[in-house]
Amino acid sequence: MNKDNQYLKILSKQFTNVATTATEIINLQSILSLPKGTEHFLSDIHGEHEQFAHVLKNGSGAVKRKIDDEFGNILSEREKKELATLIYYPEERIRMIKKQTTSGSLDDWYIVMINRLIRVCKASASKYTRSKVRKALPKNFAYVIEELITGRRDLGDQEAYYNEIIHTVIRLGKAPDLIIALSKTISRFVIDHLHIVGDIYDRGPGPHICMDTLMNYHSVDIQWGNHDIVWMGAATGELTCIATVLRFSARYGNLAILEDGYGINLLPLFKFAIDTYKDDPCECFRLHYREGEYDLSNAQMDRKMHKAIAIIQFKLEGQMIKKHPEFLMDDRLLLDKINHKYGTIRINGNDYKLLDNNFPTIDPKNPYELSPREAELMEKLKAAFINCEKLQEHVRFLYRKGSLYKVYNNNLLFHGCVPLNNKGELLEVELCGHKFKGKALYDELEKLLRKGYYSIDPEEKQLGMDMHWYTWCHKNSPVFGKDKMATFERYFIEDKNTHVEIKNPYYTWYDKDETVTMILKEFGLDSPESRIINGHVPVEARKGELPVRCGGRLIVIDGGFSKAYQPKTGIAGYTLTYNSYGFLLAAHEPFESVEKAVETGSDIHSETVLVQHVDRRKTVADTDIGKEVKENIRQLEELLHAYRIGELAEKE
């Protein structure tokens, strides 16, 4: 029996006769005609968990659009705002209403809101099969919600039936639970799939909360950013990545992420810092904390910890560069260029005065060697990172759901850049003695990163661990894309010319049609409708920069989700949705707080800055899932044919 016949024999165990096979073909064929689900693209979240959660809840305006479509002018703007807020924050909104409303009028409010939610829920579920809707419904209210959203309210008998369901729910005290269930169901149906185009970690106070949210999301993929990869490297126990993660957390006043969020003990770092830098004001290591969100009584101590781990990081980076001469990063070996007597450093033939020359742990004769106490400290931290169950759970999720790039529904998603040379051609990069460019570079690098976490071969695993640091900051790394990471210069040298980080030529060429076409073809995309969805470099809207490049064929969606970037960008991020009608790019203003949203119904003000309609409304048949469905139909039709010609016998 050939392979095709063997497969049909296996398939026949599930579809045992002509009737079941034909029914499945009909079901699958009908699915192809449904509108494609809405995709939601977010990038560069950087730990801003409240804004992130809110954007997920409102679907970048998708919930409001659904309310507008359903109610039009029937409801006032105030009523539509109240309904949207209820969908975003049902528990909080119900608590507030209970305090403000008497029991009789509360029941009236329940009746009105449940009926409105049913209409929005029904409209949101309309593009899905009954089976998919049923599977997505919350178990406690699956039967009730299915009845309420699938029947005909305009028929007299059924109207009484539905009203009786709602009144019984209220009488039994279950109205709040039903409202919460309906609200969450709407959020689930409004967005079918979520793309995170890199950088969940660093700067903001809640990357661990963002990760918890993503792990509970119904459908998501992640394209790793360099800030994600350095945390992934830290989880493997790679010391340079651990030091980098600690330095970033200290710099932004977010050490609580490690202590409270992940339960990593920082007492050894605290003791080391206070002993080593007790009389040092650490002026160069002032924190980038946020007013009202940081306990200033910790500032002096955190500055000492900040300096302690920064010096350790610079030493470990030097060790890494010396260990891997093939990285060609000798220009980043700076500690041996310090003249401790005069407090200067020589870079590229120029001498610069250091803003801080107190380096008690640096041996001028062997500047990259950790002191005994530094080495002991890093071993303790390594053990803490490796044995942190929650961090390991989050990183495994990043590996499971993530990759360096994603080709999805005819679009290419990545964080950073496709490395190019000055001529706009794909840059050839050497990895482990072999040269790669374009898609092959991404594939090889991702393979090495995965080995760093999963391999059981010690040498293979160590190389993969080291490649996490390489990917974090190397000039040829697709997720970094600059000629250097000038961390040392920013701390210690006043001359801002030394701080400049030159971007990869990709950012010069990515507005040209031939460049975008070349990149898309490199990743197997040649449709005129294909686009690049790009994260990583903030779009400075304040300076007039635009997120849309190359006539809409490339869209940059990092506009400043991180509060640290907002003074520079002038906005609070771009997000993108792609529904059956086309693309919508929204520019967001900063999110104030959940409390303000619940109390006043305030939302993130979002301005739609791009609307690109497709030539015809997209259906499931036009998607990647559609391709799989078509292949399943083909196989089932072969099975049906086998039954009809007697090649396979039907079963009951």
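These numbers come from the heavy atoms of this one structure, side chains and all, not from hydrogens, waters or symmetry mates. Keep in mind the model is a prediction, meaning the values are calculated, not measured.
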> Counting only N and O atoms by type, is there a donor-acceptor contact under 3.5 Å from the side chain of Asp228 to the main-chain atoms of Ile200?
Replying inline: yes
> Do Asn226 and His415 have side-chain heavy atoms sitting under 4.5 Å apart?
Replying inline: yes
>> Looking at Arg400, I'd like to know if its CZ atom is crowded, meaning that more than 12 non-hydrogen atoms belonging to other residues, nucleotides or ligands lie closer than 6.0 Å.
In response: yes
> Taking C-beta and beyond as the side chain, do Pro176 and Lys98 meet within less than 4.5 Å on heavy atoms?
Replying inline: yes
> Is it the case that more than 12 heavy atoms not belonging to Lys184 sit under 6.0 Å from its NZ atom?
Replying inline: no
>> Using 0.5 Å steps for rounding, measure from the CG atom of Leu137 to the CD1 atom of Ile145.
In response: 5.5 Å
> Looking only at side chains, do His40 and Ser60 share a donor and an acceptor under 3.5 Å apart?
Replying inline: yes
>> Around atom NZ of Lys401, are there more than 12 heavy atoms from other residues, nucleotides or ligands closer than 6.0 Å?
In response: no
>> With heavy-atom distances below 4.5 Å as the criterion, would you say the side chains of His208 and Leu391 are in contact?
In response: no
> For Tyr581, does the OH atom sit with more than 12 other heavy atoms under 6.0 Å from it, leaving out its own atoms?
Replying inline: no
> Quick one: does Arg531's side chain have a donor or acceptor within less than 3.5 Å of a partner on Glu529's backbone?
Replying inline: yes
> Short question: side chain of Tyr128, backbone of Phe189 - any donor-acceptor pair under 3.5 Å?
Replying inline: yes
> Can you check whether Leu56 reaches Tyr217 side chain to side chain, under 4.5 Å on heavy atoms?
Replying inline: yes
> Can you check whether Arg134's main-chain N or O pairs, donor with acceptor, with Glu146's side chain at less than 3.5 Å?
Replying inline: no
>> Side chains of Asn409 and Glu39 only: does a donor on one sit below 3.5 Å from an acceptor on the other?
In response: yes
> For His167 and Asp107, does a side-chain donor sit closer than 3.5 Å to a side-chain acceptor?
Replying inline: no
> Less than 6.0 Å separating the ring centroids of His227 and His46?
Replying inline: yes
> So, Glu631 and Lys627, do they make that salt bridge, N to O below 4.0 Å?
Replying inline: no
> Tell me, do Ile97 and Leu86 make a side-chain contact under 4.5 Å, heavy atoms counted?
Replying inline: no
>> Quick check on side-chain contact (heavy atoms from CB on, under 4.5 Å): which of Asn534, Leu520, Leu412 does Leu554 satisfy it with?
In response: Asn534
> Looking at the rings of Tyr578 and Phe41, which for Trp means the six-membered one, are their centres under 6.0 Å apart?
Replying inline: no
>> For the CD1 atom of Ile67 and the CD1 atom of Ile74, what is their distance to the nearest 0.5 Å?
In response: 13.0 Å
>> Keeping Asn58 on the side-chain end and Tyr88 on the backbone end, is there a donor-acceptor pair under 3.5 Å?
In response: no
> How about Leu178 and Leu117: do any of their side-chain heavy atoms sit closer than 4.5 Å?
Replying inline: no
>> Heavy-atom count check: over 12 atoms from other residues, nucleotides or ligands less than 6.0 Å from Leu106 CG?
In response: yes
> Can Lys406 and Asp624 be counted as an ion pair, charged N to O under 4.0 angstrom?
Replying inline: no
> Is Leu83 close to Met113 at the side-chain level, that is, under 4.5 Å between some pair of heavy atoms?
Replying inline: yes
> Where does the angle between the aromatic ring planes of Tyr453 and Tyr399 fall among parallel (under 30°), tilted (30 to 60°) and perpendicular (over 60°)?
Replying inline: parallel
> Can you tell me how far CG of Leu194 sits from NE2 of His218, rounded to the nearest 0.5 angstrom?
Replying inline: 7.5 Å
>> Can you classify the ring geometry of Tyr201 versus Trp231 as parallel (below 30°), tilted (30 to 60°) or perpendicular (above 60°)?
In response: parallel
> Roughly how far, to the nearest 0.5 Å, is the CG atom of Leu639 from the OG1 atom of Thr20?
Replying inline: 8.0 Å
>> Checking the side chain of Asp202 only, and the main-chain atoms of Val245 only, is there a donor and an acceptor separated by less than 3.5 Å?
In response: no
> What is the ring orientation for Tyr405 with Phe523, classed by angle as parallel under 30°, tilted 30 to 60°, or perpendicular over 60°?
Replying inline: perpendicular
> With distance as the sole test, does Ser580 use its side chain to make a donor-acceptor pair with the main-chain N or O of Lys36 at under 3.5 Å?
Replying inline: no
>> Quick check: do Ile533 and Tyr408 have side-chain heavy atoms less than 4.5 Å from each other?
In response: no
> Does a side-chain N-to-carboxylate-O contact under 4.0 Å join Lys80 and Glu70?
Replying inline: no
> Backbone N or O of Ile87 within a donor-acceptor pair of the Lys57 side chain at under 3.5 Å?
Replying inline: no
> Hey, what's the ring geometry for Tyr442 with Phe414, parallel, tilted or perpendicular (30° and 60° as the breaks)?
Replying inline: tilted
>> Between Glu82 and Arg116, does any side-chain N to carboxylate O distance fall below 4.0 Å?
In response: no
>> With rounding to the nearest 0.5 angstrom, report the OH to CG distance, Tyr143 to Leu148.
In response: 9.5 Å
>> Quick one: does any side-chain atom of Gln392 pair with a main-chain N or O of Ala235 as donor and acceptor, under 3.5 Å?
In response: yes
> Is a salt bridge present between Arg634 and Glu637, judged by a nitrogen-to-oxygen distance below 4.0 Å?
Replying inline: no
>> As an exercise, state the distance from CG of Leu34 to CD1 of Ile625, rounded to the nearest 0.5 Å.
In response: 11.5 Å
